[in-house]
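Here's the structure, in structure tokens; my notes come after.
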Amino acid sequence: MNVYGGIILAALLGEYLLSLISDLLNLRALSERLPEEFQDVYDAEDYRRSQQYTRERTRFGILTSSFNLVLLLAFWHVGGFNLLDLWLRQLGYGPLLTGLLYIGALVLASGLLSLPFQIYSTFVIEERYGFNKTTAKTFIADLLKGLALGALLGGVLLTGILWFFQTLGAQAWIYCWAAAVVWTLFLQLIAPTWIMPLFNKFEPLEQGDLRDSILDYADRVDFPLQNVFVMDGSRRSSKANAFFMGFGKRKRVALYDTLVEKQGVRELVAVLAHEIGHYKRRHVLQNLIISILYMGLLFFLLSLFLSEPGLFEAFYMDNMSIYAGLLFFGLLYSPIELLLSIAMQALSRKFEYQADEYAAQTYEAESLVGALKKLARQNLSNLTPHPFYVFLNYSHPPMVERIRALRSL
């Protein structure tokens with residue numbers, strides 16, 4: 001094993017151990033004492049179930065990540081990447097189609113091997129805690145739709161990246177960057193109209209107090225909404241959420257039907273106020289700019305290592321290729337990706353506090369507090385996560401901290 005192989009192996013093991021340590025710390029941080037802020041919405045049985053849910057999800061996550069790591073290391077060190085490459089080259093399809101087949105085969109194999117874990121997670125763990133509403137028919141349909149969309153949309157972008165690097169030389173990364181940006185913006189444009197309705201139904205919110213309150217608030221803070229929709233989230237899970245679709249003048253808000261069912265009007269408007277706060281504080285624009293810069297950095301670094309012989313030697317490859325180099329660089333890049341992910345998680349938590357503050361200033365802090373409490377109970381959220389686990393994994397601040405910050409306002 002050369003230096004590239006050593007770096008990648010150390011990165012894989014280091015990231016696994018880091019995740020394992022954070023998981024174990026998070027389990028140890030579970031407290032039998034219910035936080036004071038939640039004593040009005042939790043009873044002893046609900047709190048016990050939330051902790052047991054956290055334990056079971058965490059242990060299952062450790063098992064899943066351990067399996068994936070062992071599988072990857074085994075495939076790597078028996079020369080699996082090279083054997084697949086040699087077999088596909090014999091078909092004589094040329095580098096572009098061979099590259100699509102190579103990456104597609106690995107993605108498909110990974111998906112099939114992870115399928116038993118998905119099934120157990122959905123139909124055993126989520127079922128046990130009353131979350132799962134997915135039928136076998138819906139589960140299979142979602143898999144097939146996701147596979148088709150991934151092959152179509154992902155295949156288009158991958159084809160462009162392979163072609164640029166094979167034909168344009170040193171400047172290819174710039175064209176790949178531009179293509180990825182256009183592809184990302186295109187997906188954001190078509191997703192609300194063409195992609196999301198493939199998986200869920202979006203019905204306009206019926207006339208009534210809730211709709212009037214939402215539109216009145218949006219108008220008061222100068223945030224025009226094209227429409228408000230209710231999504232059939234209960235088709236798959238009893239968990240609740242809310243989000244925006246589209247951008248510009250085509251912005252629309254979507255509320256899970258499970259959210260509408262459990263929350264009051266003022267609490268739902270407070271949730272909407274939080275989401276509007278992200279737009280008003282320019283979080284969406286900032287995230288988009290960061291994402292674009294991140295893609296530029298990724299493709300630039302990729303161009304530096306894509307033709308490095310040592311990277312291919314580390315995976316026992318007989319031949320160098322653009323498509324295999326993409327995969328190997330992804331593994332080499334993982335330490336940088338981890339650091340950037342931690343930084344982005346921290347920034348996201350800061351944005352959540354700012355959006356909460358906006359909701360408190362323009363609507364009602366206590367209504368948002370009430371909504372957060374109900375969401376935590378409904379989703380069996382972990383109320384006492386370990387700070388190190390939050391540091392590594394949380395895009396939102398822990399519920400207790402969010403509530404205390406709102407109350408301090």
Side-chain angles (χ1 to χ4, degrees), residues 1-22 61-89 95 98-114 117 150 154-155 157-158 161-162 164-166 172-173 176-177 180 291 294-345 392-393:
M1 180 181 295
N2 61 18
V3 64
Y4 286 104
I7 292 173
I8 292 172
L9 180 60
L12 290 172
L13 294 176
E15 188 169 347
Y16 171 81
L17 290 174
L18 202 62
S19 177
L20 179 61
I21 291 170
S22 73
I62 292 173
L63 174 63
T64 304
S65 61
S66 300
F67 174 82
N68 291 335
L69 178 63
V70 171
L71 187 67
L72 173 58
L73 294 180
F75 187 76
W76 174 6
H77 289 288
V78 299
F81 291 104
N82 185 51
L83 292 174
L84 177 62
D85 184 47
L86 293 176
W87 180 72
L88 289 175
R89 285 174 181 270
T98 300
L100 292 173
L101 291 174
Y102 185 82
I103 295 177
L106 290 173
V107 171
L108 180 60
S110 176
L112 290 174
L113 290 168
S114 68
F117 294 94
L157 179 62
L158 179 59
I161 291 172
L162 292 174
F164 285 139
F165 274 114
Q166 287 169 4
W173 71 272
C176 289
W177 182 16
S291 176
Y294 171 82
M295 286 188 284
L297 172 66
L298 178 66
F299 283 115
F300 173 70
L301 293 176
L302 173 62
S303 69
L304 299 180
F305 291 94
L306 199 54
S307 300
E308 178 58 42
L311 187 57
F312 293 86
E313 292 172 6
F315 288 88
Y316 316 117
M317 299 293 289
D318 291 343
N319 303 285
M320 294 176 59
S321 63
I322 301 297
Y323 52 85
L326 291 175
L327 294 175
F328 303 154
F329 172 76
L331 295 172
L332 181 66
Y333 182 74
S334 59
I336 299 176
E337 186 175 27
L338 175 61
L339 294 176
L340 291 175
S341 172
I342 291 173
M344 287 304 299
Q345 300 275 39
L392 286 182
N393 300 290

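Note that the coordinates shown come from a computational prediction; the quantities given were computed from them, not determined experimentally.
Atoms CG and CD1, on Asn393 and Ile342 in that order, are 9.0 Å from each other to the nearest 0.5 Å. Here the straight-line distance linking atom CG of Leu72 with atom CG of Leu12 works out to 5.5 Å at 0.5 Å rounding. The CD atom of Glu337 lies 11.0 Å from the CG atom of Leu297; values are rounded to the nearest 0.5 Å. Once rounded to the nearest 0.5 Å, the distance linking OG of Ser321 with CZ of Phe165 reads 13.0 Å. Taken to the nearest 0.5 Å, the CG atom of Leu84 stands 9.0 Å off from the CG atom of Leu101. The distance from the CD1 atom of Ile322 to the CG atom of Leu162 is 8.0 Å, given to the nearest 0.5 Å.
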Intermediate values then yes/no, side-chain contact (heavy atoms from CB on, under 4.5 Å), Leu9 and Leu73: CA-CA 8 Å; Leu9 180 60; Leu73 294 180; 3.7 Å; yes
Worked verdict on Phe329 versus Leu301 for side-chain contact (heavy atoms from CB on, under 4.5 Å): CA-CA 9 Å; Phe329 172 76; Leu301 293 176; 3.7 Å; yes
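A side-chain donor-acceptor contact under 3.5 Å links Ser66 to the backbone of Ile62. One N or O on the side chain of Asn68 and one on the backbone of Thr64 form a donor-acceptor pair closer than 3.5 Å. Judged purely by atom type and a 3.5 angstrom limit, Ser19 has no side-chain atom pairing as donor or acceptor with the backbone of Tyr16.
Put simply, the residue from Ser65, Ser334, Pro335 that forms a side-chain contact (heavy atoms from CB on, under 4.5 Å) with Glu15 is Ser334. Screening Tyr316, Phe315, Tyr102, Trp76 for a ring pair (Phe, Tyr, Trp, His ring centres under 6.0 Å) with Phe328, the sole residue that qualifies is Phe315.
Between Met317 and Ala324, the shortest heavy-atom contact is CE-CB, 4.0 Å. Between Ala180 and Leu157, the shortest heavy-atom distance links the atoms CA-CD1, 4.0 Å. Leu306 and Gly325 get closest at one heavy-atom pair: CD1-C, 3.5 Å. Nearest heavy-atom pair, Phe164 versus Cys176, reported as atom, atom and distance to 0.1 Å: CB-SG, 3.7 Å. Looking at every heavy atom in both residues, Arg89 comes nearest to Thr98 through N-CG2, 4.5 Å. The two residues Ser114 and Gly111 have their closest heavy-atom pair at OG-O, 2.9 Å.
In this structure, the side chains of Ile8 and Leu311 come closer than 4.5 Å at one or more pairs of heavy atoms. When side chains are defined from C-beta on, Leu298 does not count as touching Ile336, because their heavy atoms never get closer than 4.5 Å. In this structure the side chain of Asp85 reaches within 4.5 angstrom of the side chain of Tyr323, judged on heavy atoms. A 4.5 Å side-chain heavy-atom check between Leu83 and Trp87 finds every atom pair outside the cut-off. No side-chain heavy atom of Leu304 sits less than 4.5 Å from a side-chain heavy atom of Trp173. Looking at Leu302 and Tyr333, their side chains never come closer than 4.5 Å, going by heavy atoms from C-beta outward.
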